[in-house]
Every structure is written in structure tokens, then in C-alpha cells.
Amino acid sequence: MIDRPQPDSDAPSSAETHLATVKSSIEDEAIPAPQVGGGLPVIQYWAQKTLSPQGPQIWQTLLHKSACLSCAWGTGGQKGGFANELEEPLQRCMKSVQAISSELQPGLGDHFFDRHTISELQALTSRQADRLGRLSFPVIRRAGADHYEPISWEEIYQLTTAGLALSPERVASYSSGRSSNEAAFLLQLMVRALGSNNLADCSDLCHAPSTVSLNKVFGTGTSLVSLESLRQADCVVLVGSNAPANHPRLMNELIELRDRGGKVIVINPVKEVGLVKFGSPAHPLRLVQGQDIASLFLQPIPGSDLALFVGIQKVLLERGWVQFDYLKAHTENWQEVIDQVAATDWESIIATCGLSLTEIVAAAELIHSSRNVVFAWAMGITHQANSVDNIYSIANTALMTGNVGKPGAGLMPIRGHSNVQGFGSMGVTAHLKDSIREALEKLLGKSLRREPGYDARALIEAADRGEVDTLLCLGGNLYAANPDLGQAKRALGNIDTIVYLATKPNLGHFHGLARQNTIIVPVYARFENPHKTTVESGNNFVRLNSPGKTHLKDADLVTEIDFLAELAHRLHGEEPIQWRRLHDPRYVRQLIAQTIPGYDKIGEIDDTSAEFTIGGRIFLEPKFPTPSGKAEMQLTPLPKLTLPTLEDFGLMPEHQPALVLALITGRSYGQHNTVVYKEGDEYRGMPHRQCILMNPLDAERAGFSQHQRVSVRGDAGQLDGIEIIYGEVRSGAALMFYPEANVLMKARIEKRSGTPAYKRVPVAVFI
């Protein structure tokens, strides 16, 4: 039995086994789905956490001048821990408290890894792994060993340096948005100086399609809308986002938009309760009954969003609502796009998206009748096989209505992790922009490799072929974040040396084991760093994090900047730059100011403490950094959406009850990326993570019943003992939790972005 720190009241007990083996007694313990998202349970959770023995530490961290650990919506920083980018107070959400509470756990004792085998640790769930506690000393798992053991810092540097000094095409890094801009810049500078462009990042698995498509159309890969500009919108089109669970602070903006008479169009195959009605603590008079959010809620077939937007465009065209003067003045390729829309027949549009003409017309009418429209999306759009085309279709709709390049309008990808956008800005990407590459070449005094490196999926494929020797992971959970967990485990096992920099254990540390040496380096959380760092919000705002200190007593931690600077010095010496100077984050910021477009103000931030919006990204007039200065509209072919048959899954037609569904993988309310804070999901009435949310009519037509246990099979694996939960899911679709359901699917990749299609996974459900 694994010894853990004292769990929270919602944590599984130390005697609890994996949820797949939970006894049938839980089958009738379904959580009744609430009628309002947010509301009193949020207040109750805050009270539970902040009034607990851990409460004073939580409050101290909440008030610390550093950016929120959770999503990229951006709170905290120099205006106070609760302030947003417009300096408004009381902007922290429940997910922030969850993340802080997790980081404030006690440290693992020096006996922990002696007592527990790798095999035992591999039996843990993501929730259980997170609740083990904080990593507080470095460890290594050597070839063939069934235990991690302590390791000295000198041996870590020797092994890591030796691994990274190998042939540059056989070394790689992977990173997540949990770290700082300074660490990100240092990582990519060190790796590129080696001659490698293998800088995979968690964004490759989420919003890379946003970057690719926005760069193609507008010449910039981030949000075109600031928070201030969002306040001037009178309509928001929210596509493929479960903001109440993943970005709760965005809900305040939608509530206030509705209060000023604006409209919200929600497009999501799952009718999430918080997108229908939400109660925010920032609006206490409506905390219990909630505020209506969706003016119109559309539930298309998973993967068909593009067809819906082409349908909206067709309504605009047929009713004479397209802004042709705008298109002629500010866009390229508009005539080809208009011609394609005109030539696309209504029968194909309706059959593809599964919505009625009445619903499509209603959406077009709301957009047309609004002065300023913001189009926002999350991974329901990017996790599709045609994700880049999806975003092209959204961009085309915005441009046809003149809703780009003015206050209160534009396109707004909703980034997941708090600094995932900052990593992209710092050049942590397999596909480096020419402007940054040229600046880095000037800094380093030498030419850099032109060929693109491995993105996250290409890295796994290369490792699976035995073509990667050394991997440095700056945060993240590369193993669990990937489709086909069997392949991910095998691929990582082909790598000789893997070095993980992390604050807490995760499943990747137990399943993503290298062939020779797996090293875990314990690092400080953001609010603990003994020096200043910066991060970037999803709306292009740079936050400054003040220094802090850790609650861990006698912990043997290292800052990411210090670790990377020491590695860089050992690899590169004093040339072509003084690498040991990079231990000083102020010096790193000066280099960032010299090389990263729009980041010139970061060179002064140590003296001014002035946080800033990055220049050249927010467009208040329709002039774009493309070669022509115009937006380049793109053609968007309708997707061909089919599902396999039962026979394709090895099941005979007479095998009943059984049916094939388009599975959506999603995060729960108590989850951030692959980190699970709570096993159940109150919003969806799902009591644990071994559930499948199904449309009741689909289930009953096939002969299933609620709470029945079934098997779910994909093209890569099968999960048994899965409990059916009824929910408001579009017919023909279903939902299961990420990352657990990743075992089911092989990677279907959108080739232009490298991102897998997690949101339309063909599966068979049977007994």
C-alpha cells in the first residue's frame, strides 16, 4: 500500500484501488447533474480549502504577485494575485485554488521510493499520483531497476550533458506551459545551439492548429482580441469550449456581455450545463439561480463544425449580408471562397453537420444583427482531423461580416495552460519563424538548422522507430497526453535517457521510462521561485511573477533557469555567449528583448515592473502582418464524416447490445490538462472516471440502460467495466475522460499542424 499525505475530503483514501475495479455498489451512486454551473458549490469548495489547516498557505499564495497556475486567461501578477489584465479585483477561480492546493502538498520523504516499486506506482490513477505529494529531491531509475533511487546533482549533470552532446538530430525536448518565458527561451536557445530543432511542446497536442491557421490568414498565431476589446463585443460565438470547467473566468465576461444585451452562440455536441446557465461568485445576487449564457445552443455532429460555418456563410450570401466592400479592401482570395460557398449545396451542409436549416439561419441572423462579434474556440475545434480548415472557416465567417480589425471583434483561441502561449512566443517550436531564427543566428553568431524538428507526435513516432537517444522534458506529461498510450510507453522506452523537470509525480514518470536512465529533477512552483519570471496570457499580456519561497523544508530543489543554464554552460562553454550569465533571469530577459518580436518591453521590466500587451498582435483596424497587408482567406472543403461498422471492430451484427459512436474525449470539472484533482464530474453527473456519457435514446435503442457496465473498444485498445451515464450528448456521439480514454485510439493527425483528433474517435460500445 502506498503511503500518501493526508488526503483532502474529496480525495480517494489510501486503500482505494483503481476505479476500473470499483465494486458494483457505486453503480447506483450517480451524481445528479445540477441545473446551474458554478453557484454555491464553488463557494463551498473555497471555504473547504481556505478554512482548512492548509488555508493560510493557500491565501498567502493567492495574494502572491504571480500569475495563476491554471489556464491562460491570465490573473495575478504585479497588480495583485486576484487582479486581471484590466486591474479588476476578485478574479480568481476554483481551478486556481485546486492547482495551488496541489502544489502546497508536503514533500515526499526520502524513504518513499525505497518502499514502492515501479510496478506499484504504475497501478496509480492520475489523481492518486498527484496526491502523492511534492517531489523534494532528485531520483533516477536505472536500466532494469524496479525502484527510483536518489542521485547526486553532479551525476545528473554528467548524464544529461552526455546525452545531449550526442548527434543533434537524435536529441529532443518536450515542454509544457507550467514554466516561465525565461526557462522557455533558455531551453530553445540551448537546444538550437546544439544544432537541433526538436523542440516539441504541449501546444502541438492542443492549439497548434490555431497557430498554423491564424498565421496563414492573418500573419500572427495568437488571439487578435484583448480583454479590453472583448468588453466591447455584443456577440460571442463560442465553439468547442467547455469554459465553465476549463476557463471559469471567461464566464464572467459572458455574464457581463449578456447583462449589456449581448448574445452568446454556443456550438458544442455536448450541452454543458454551465454554458446554459452559470452562477459566478463575482455576481453574488445571481449566484444560486445563475445567469443565462447561451442565446442559441447548437449541437452539431462531432467534427462537423466547418459545415456549420459554411452554412452560416451561405445564409449571409443568400440574404445579401456579406460585407463585400470589406472583403475587397482587406482580404485576398475572397472571390474563390464566395464561389465555393455558393456552389456548396444545402443538402450536403445539413447532412454533414446534422443541424436543421432553421438552426443555421438563427445563428447567421444573430451574427448579422450584431455590431461587434468575437469568435472564440477551444480544443473541440483543434482536436479534429480537419482542425486547420475548421479555423479557416471561422476566419472566413468573421471576415465576411467585417468582424476582424476593429474594437470588440476578432478571433480568440482560448489557450489551456497558463504559459503555453509564452512558450510559442519564445520560439519553443519545431517550426521556427524566420524573424526569430535570424535574430537567434545574430545572437549566436552562427547559422541554425533550417529543417523543421520533431513536434510532439513526430517525436513519439521517431522514438518508436528508435531514432531518439535523449529527451529533456520541461514539465508536462508526454506519456499520458498522447493517443495510443501503448505506443507512447513503448516509444519512450526506446529512448536511452529521459530527464523530467517537475514539481509533482505524474503517470509519465512511472510509465514513460527510458531504456537506460530516467531522471526526475524536482523544481520550484511558479510562486516559489527565488527570482523574478514572466509568463504570457492567452490575450497577449505579459505578467511578472515576484520572487517567493517554498513551504518545503530541507527540500533539494533547483530552479529551471539554473538547471538549464548549467547544462548550457557544460554543453557550450563560454561561446558564442556567456552561458553562465544565463543564471541571471534579468540577463535572459535582455536577450528576449533583443530577439523576440513584440517583447522589447521585457528588457525594462525589472526596473519598471510594468506588465504589458505584446505589440503587433491586437488588431483594431484591418491591417495585418501578411505580405499583402490583407487577410488571406482560405478554401474549406466539407469533411467526409463516416464511422466504421461493428464488423470493423471485430464484432458481428448479431452481437447485441452494441453500437458504434463518435467519441469525444474531454476533461472533467476537477481537472487541469492531465492532472486530476477530483475523480467525479458534478457538472455531467459522472461519479468517477470510468464512465461514458451517452445520449439516452442511443443507449436504449441499442438495448443498454443507465449505470450498466460495458466495454468500449477503439482502434488501439479497449476499456472494460465502463459505466453508462445518461447526458445531453448529441445522438451518435459520446464522451469519456481524457487522458484515460487515450488508450483507445491510434493517432489520427492533422498533417499541417501535427495535432491528433481526440474529439472524434470511432468506438464500439458493447457487453
Test side chain to side chain contact (heavy atoms under 4.5 Å, CB included) on Arg437 and Lys442 and set out the steps.
-> CA-CA 9 Å; Arg437 177 180 50 76; Lys442 183 177 179 181; over 6 Å; no
Go through the steps to decide whether Arg580 and His569 satisfy the test side chain to side chain donor-acceptor pair (under 3.5 Å), and finish with yes or no.
-> CA-CA 6 Å; Arg580 274 208 165 127; His569 170 76; 3.1 Å; yes
Glu103/Arg134 salt bridge by N-O under 4.0 Å criterion = yes
Expected output: side-chain Glu438 to main-chain Ser435 donor-acceptor under 3.5 Å | no
Any residue meeting side chain to side chain donor-acceptor pair (under 3.5 Å) with Glu149, in chain and number order, not counting sequence neighbours | Arg142
Would you say the side-chain atoms of Asn198 pair up with the backbone N or O of Tyr454, donor to acceptor, closer than 3.5 Å?
-> yes
Student check: side-chain heavy atoms of Phe185 and Asn181 closer than 4.5 Å = no
Is there side-chain contact between Thr503 and Val523, with at least one heavy-atom pair below 4.5 Å?
-> yes
Hey, which of Leu187, Val558, Val521 is the one that makes side chain to side chain contact (heavy atoms under 4.5 Å, CB included) with Leu501?
-> Val521
Can you tell me if NZ on Lys504 sees more than 12 non-hydrogen neighbours from other groups inside 6.0 Å?
-> yes
Working for side chain to side chain contact (heavy atoms under 4.5 Å, CB included), residues Gln98 and Lys678 | CA-CA 9 Å; Gln98 289 174 331; Lys678 300 183 72 175; 4.2 Å; yes
Taking 4.0 angstrom as the limit, do Asp496 and Arg515 come out as a salt bridge?
-> yes
What's the spacing between His207 NE2 and Leu214 CG if we round to 0.5 Å?
-> 10.0 Å
Under the 3.5 angstrom rule, does the side chain of Gln384 hit a backbone N or O of Gly380 as a donor-acceptor pair?
-> yes
For the ring pair Tyr479 and His511, is the centre-to-centre distance below 6.0 Å?
-> yes
Hey, does Tyr148 have a side-chain heavy atom less than 4.5 Å from the side chain of Ile520?
-> yes
Show your reasoning for whether side chain to side chain contact (heavy atoms under 4.5 Å, CB included) applies to Leu189 and Leu444.
-> CA-CA 9 Å; Leu189 189 67; Leu444 294 171; 3.9 Å; yes
side-chain hydrogen bond (donor to acceptor under 3.5 Å, both in side chains): which pairs involve residues 554-565, sequence neighbours left out?
-> Trp153-Asp556, Arg178-Glu560, Ser179-Glu560, Thr559-Asp562, Asp562-His583
Counting only N and O atoms by type, is there a donor-acceptor contact under 3.5 Å from the side chain of His509 to the main-chain atoms of Asn506?
-> yes
Determine yes or no for a side-chain-to-main-chain donor-acceptor pair under 3.5 angstrom, with His383 supplying the side chain and Ala757 the backbone.
-> no
Donor-acceptor under 3.5 Å (Ser136 side chain, Ala555 main chain) = no
Carefully, step by step, assess Ser152 and Glu154 under the rule side chain to side chain donor-acceptor pair (under 3.5 Å).
-> CA-CA 5 Å; Ser152 71; Glu154 182 57 32; over 6 Å; no
Residue pair Asp484, Asn742: steps toward the side chain to side chain contact (heavy atoms under 4.5 Å, CB included) verdict = CA-CA 6 Å; Asp484 195 348; Asn742 288 6; over 6 Å; no
In Å, rounded to the nearest 0.5 Å, how long is the span from NZ of Lys759 to CG of Leu663?
-> 10.0 Å
Are any side-chain N or O atoms of Ser203 and backbone N or O atoms of Gln421, one a donor and one an acceptor, separated by less than 3.5 Å?
-> no
Do any N or O atoms from the side chain of Glu182 and from the backbone of Thr534 form a donor-acceptor pair under 3.5 angstrom?
-> yes
Do Asp201 and Thr429 come within less than 4.5 Å of each other through their side chains, counting heavy atoms only?
-> no
Rounded to the nearest 0.5 Å, how far apart are CD of Glu679 and NE2 of His688?
-> 10.0 Å
For the side chain to side chain contact (heavy atoms under 4.5 Å, CB included) test, which of Pro413, Ser213, Pro209, Ser753 pairs with Thr382?
-> Pro209
Quick one: do Arg526 and Ser418 satisfy side chain to side chain donor-acceptor pair (under 3.5 Å)? Show the steps, please.
-> CA-CA 11 Å; Arg526 178 176 298 158; Ser418 55; 3.0 Å; yes
Between CD1 on residue Ile100 and CG on residue Leu104, distance to nearest 0.5 Å = 7.0 Å
Salt-bridge contact Glu740-Arg689 (side-chain N to carboxylate O under 4.0 Å) | yes
Kindly indicate whether a cation-pi arrangement holds for Arg713 with Phe649, taking the cut-offs as under 6.0 Å to the six-membered ring centre and within 45° of the axis.
-> no
Any side-chain heavy atom of Leu591 sitting closer than 4.5 Å to one from Leu443?
-> yes
Tell me yes or no: between the side chains of Asn197 and Arg192, is some donor less than 3.5 Å from an acceptor?
-> yes
Going through the checks in order, is the salt bridge (charged side-chain N to carboxylate O under 4.0 Å, His left out) test met by Glu441 and Arg450?
-> CA-CA 11 Å; Glu441 287 178 336; Arg450 298 302 201 263; 2.6 Å; yes
Residues Arg752 and Glu750 bridged, charged N to O under 4.0 Å = yes
Would you call Arg457 and Asp204 a salt bridge, taking side-chain N to carboxylate O under 4.0 Å as the test?
-> no
Would you say Gln671's side chain and Asn673's backbone share a donor-acceptor pair under 3.5 angstrom?
-> yes
Consider only side-chain N and O atoms of Tyr599 and Glu536, and report whether a donor and an acceptor are under 3.5 Å apart.
-> yes
Checking Gln105 side chain against Asp130 main chain: does a donor-acceptor pair fall under 3.5 Å?
-> yes
Side-chain contact, heavy-atom cut-off 4.5 Å: Phe423 with Val420?
-> no
Less than 6.0 Å separating the ring centroids of Tyr157 and Phe563?
-> yes
Answer yes or no: does atom NZ of Lys446 have more than 12 heavy-atom neighbours from other residues, nucleotides or ligands under 6.0 Å?
-> yes
Side-chain contact test, heavy atoms from C-beta onward, threshold under 4.5 Å: evaluate it for His417 versus His672 and give yes or no.
-> yes
Would you please name every residue forming a side chain to side chain donor-acceptor pair (under 3.5 Å) with Arg141, sequence neighbours left out?
-> none
Arg570 and Glu566 ion-paired at < 4.0 Å = yes
If we only count heavy atoms from C-beta on, is the Thr160 to Leu567 side-chain gap below 4.5 Å?
-> yes
Taking only Lys NZ, Arg NE, NH1 and NH2, and the carboxylate oxygens of Asp or Glu, determine whether Asp584 and Arg581 approach each other closer than 4.0 Å.
-> no
